[in-house]
Amino acid sequence: MTQSISMKQLMESSGMEVCEVLVGKSKRRKIPGFYYDRISAPVTLIESPNMSTGKNNKAIKALPSLLGVLLRMPKFIYSLFVINRKIKEHKPDVIINFYEPLAGLYYLLFRPSIPMICIGHHYMFNHPKFKMPKGNFLASTGLKMWTGLISIGAKKKLALSFYPFDDCKEKSIYVIPPLLRDEVRHQPTTNGNYLLVYLLNTGYMEDIIKWHNKNPDVKLHCFIDKKEVVDSVPYDSTLCFHQLNDKKFLTMMANSKGLVSTSGFESVCEARYLGKPVFMVPVEGHYEQFCNSRDAAKAGIGLYDKSFEIDRFFTYISNYKKDNSEFKQWTNQSHLLTLKHIYGVVFENDKVRQLNPYPSLARKVVYNS
């Protein structure tokens, strides 16, 4: 969601119009209120495939996820017709897909003439020169196949990367920097007296509380998508849970000692840009996060572990090299590189493009987020 907000800021600043945003929904989590406020465009929710977790809402379960997709297929078929209706209504010049599974299926079955651009860190995994973590052959193969399915019909696949990497034009994979919100680039930072925590699944609250009870002197602020958490809910004097809020999260990250996270790509990139070390614990069974954590550690962004035993993170923080100049230099190229690829698709076979590669002409865009 933060990627689509960043992209909207970029595209509107270059004269494009985001005419609608289609967002996949599920029973597992709701769309945060801040997203509607920040995206400032019509939003349509569609039933979309999602991953299933165990009873404790921690680990991702592959077989239940697959069965859930099959059982809800009639709803997904209806969503495809919603997408088709919206495309016919707006007649956009391009569709931007932020890893929405139904987009690839839509292009496979409906064969629209409108070009699609897929954006996500996942496309790095399908790059022939990218080295996946050793082992986990089935998970690796499954992730690559799923990513390929999502990008069916795409003119370009823009692979977000922690660092510069060669393009693979044969597979239409083009590597670009992370898409960061404008607020991140202008956010002042200080070194506060607390750790910031972001949890993808609510089941990991127990792990944070367990560690906190052993280390009550360490101040923690934890963001989580849980209905019972309205705004802020103090657990005690040194642990507080917060509902998802992008501005509040960013401000608290900028003033923290470091970030403890379940290895989501965007939050890790934001922390690196702000010069904050990261402790990553991938959600069990979430292979993409497993890969993220290894790739981020390789890039010198942080360290990873199997559990939220945060003790060794303090040693890492004391030795952390805050110099993030190379990462900032890479990330600051994102606007130019991203626009280059978008205009290259929108103005393909267009004489205007021969005169000016970045014309400030209003163009319509539909998001699948």
Please report the C-alpha distance between R312 and D305 in whole Å, then the side-chain angles of each, then the deciding distance to 0.1 Å, and finally whether the salt bridge (Lys or Arg N to Asp or Glu O under 4.0 Å) criterion is met. CA-CA 10 Å; R312 69 189 189 96; D305 208 323; 3.1 Å; yes
Using the benzene-type ring in the case of Trp, are the ring centres of F308 and Y204 under 6.0 Å apart?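 Yes.
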Check for me whether the distance between the ring centres of F223 and Y198 falls short of 6.0 Å.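 Distance test on ring centres: not under 6.0 Å, no.
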Is the shortest side-chain N to carboxylate O distance from [X] to [Y] below 4.0 Å?
X	Y	value
R181	D246	yes
E89	R85	no
K129	D167	no
E183	K247	no

Would you say the side-chain atoms of [X] pair up with the backbone N or O of [Y], donor to acceptor, closer than 3.5 Å?
X	Y	value
N126	H122	no
H127	V175	no
E100	L102	yes
D295	C291	no
K219	L239	no
K248	N245	no
S267	S263	no
D93	V346	no
N84	L80	no
T338	H335	no

Going through the checks in order, is the salt bridge (Lys or Arg N to Asp or Glu O under 4.0 Å) test met by K210 and E206? CA-CA 6 Å; K210 182 179 178 181; E206 298 176 3; over 6 Å; no
For M73, I'd like to know if atom CE has over 12 heavy atoms of other residues, nucleotides or ligands within 6.0 Å.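 For M73, atom CE is crowded (more than 12 foreign heavy atoms under 6.0 Å).
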Does atom CD (Q333) have a neighbourhood of more than 12 heavy atoms from anything else shown, all under 6.0 Å?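 Count over threshold, so yes.
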Once rounded to the nearest 0.5 Å, what's the spacing between atom CD of E20 and atom CD1 of I87?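 Nearest 0.5 Å value for the CD-CD1 distance: 9.0 Å.
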Distance, nearest 0.5 Å, that separates NZ of K257 from CG of N191: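 K257 atom NZ to N191 atom CG measures 9.5 Å (nearest 0.5 Å).
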Could you check H242 against M252 for side chain to side chain contact (heavy atoms under 4.5 Å, CB included), going step by step and ending with a plain yes or no? CA-CA 11 Å; H242 304 268; M252 297 194 75; 4.3 Å; yes
Yes or no on side chain to side chain donor-acceptor pair (under 3.5 Å) for T190 and N255, after CA distance, side-chain angles and deciding distance? CA-CA 5 Å; T190 61; N255 298 297; 2.5 Å; yes
Among residues two or more places apart or on two chains, list those pairs meeting ring pair (Phe, Tyr, Trp, His ring centres under 6.0 Å) that have a residue in residues 58-84.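 Passing the test, one end in residues 58-84: F81-F110.
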Measure the shortest side-chain to side-chain distance between [X] and [Y] over non-hydrogen atoms and say whether it is less than 4.5 angstrom.
X	Y	result
M132	K144	yes
V281	F279	yes
T262	H286	no
E270	M253	yes
P177	Y163	no
I83	L22	yes
P178	E266	no
Y99	Y123	yes

Hey, can you tell me if Y287 and F290 have their rings parallel, tilted or perpendicular (30° and 60° cut-offs)?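 Ring orientation, 0 to 90° scale: parallel.
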For M116 and K155, run side chain to side chain contact (heavy atoms under 4.5 Å, CB included): C-alpha distance rounded to whole Å, both residues' side-chain angles, the deciding distance at 0.1 Å, then the answer. CA-CA 6 Å; M116 176 173 68; K155 282 284 186 179; over 6 Å; no
Passing candidate, side-chain contact (heavy atoms from CB on, under 4.5 Å) with I342, options L10, L337, I117: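 Only one option passes, and that is I117.
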Is there a side chain to side chain donor-acceptor pair (under 3.5 Å) between Y106 and N97 once you walk through the steps? CA-CA 11 Å; Y106 171 71; N97 179 23; over 6 Å; no
Which is it for K340 and Y174 under the side chain to side chain contact (heavy atoms under 4.5 Å, CB included) test, yes or no, and what are the steps along the way? CA-CA 11 Å; K340 171 187 173 182; Y174 299 87; over 6 Å; no
Please test H121 against F162 for ring-ring contact (aromatic ring centres under 6.0 Å, His included), starting from the C-alpha separation and ending with a verdict. CA-CA 9 Å; H121 181 54; F162 293 121; 5.3 Å; yes
Does the pair R72 and E47 meet the rule for a side chain to side chain contact (heavy atoms under 4.5 Å, CB included), with working shown? CA-CA 9 Å; R72 296 173 62 207; E47 291 283 347; 2.4 Å; yes
Side chain to side chain donor-acceptor pair (under 3.5 Å) between S4 and Y35: does it pass, once the steps are laid out? CA-CA 10 Å; S4 64; Y35 185 74; 2.8 Å; yes
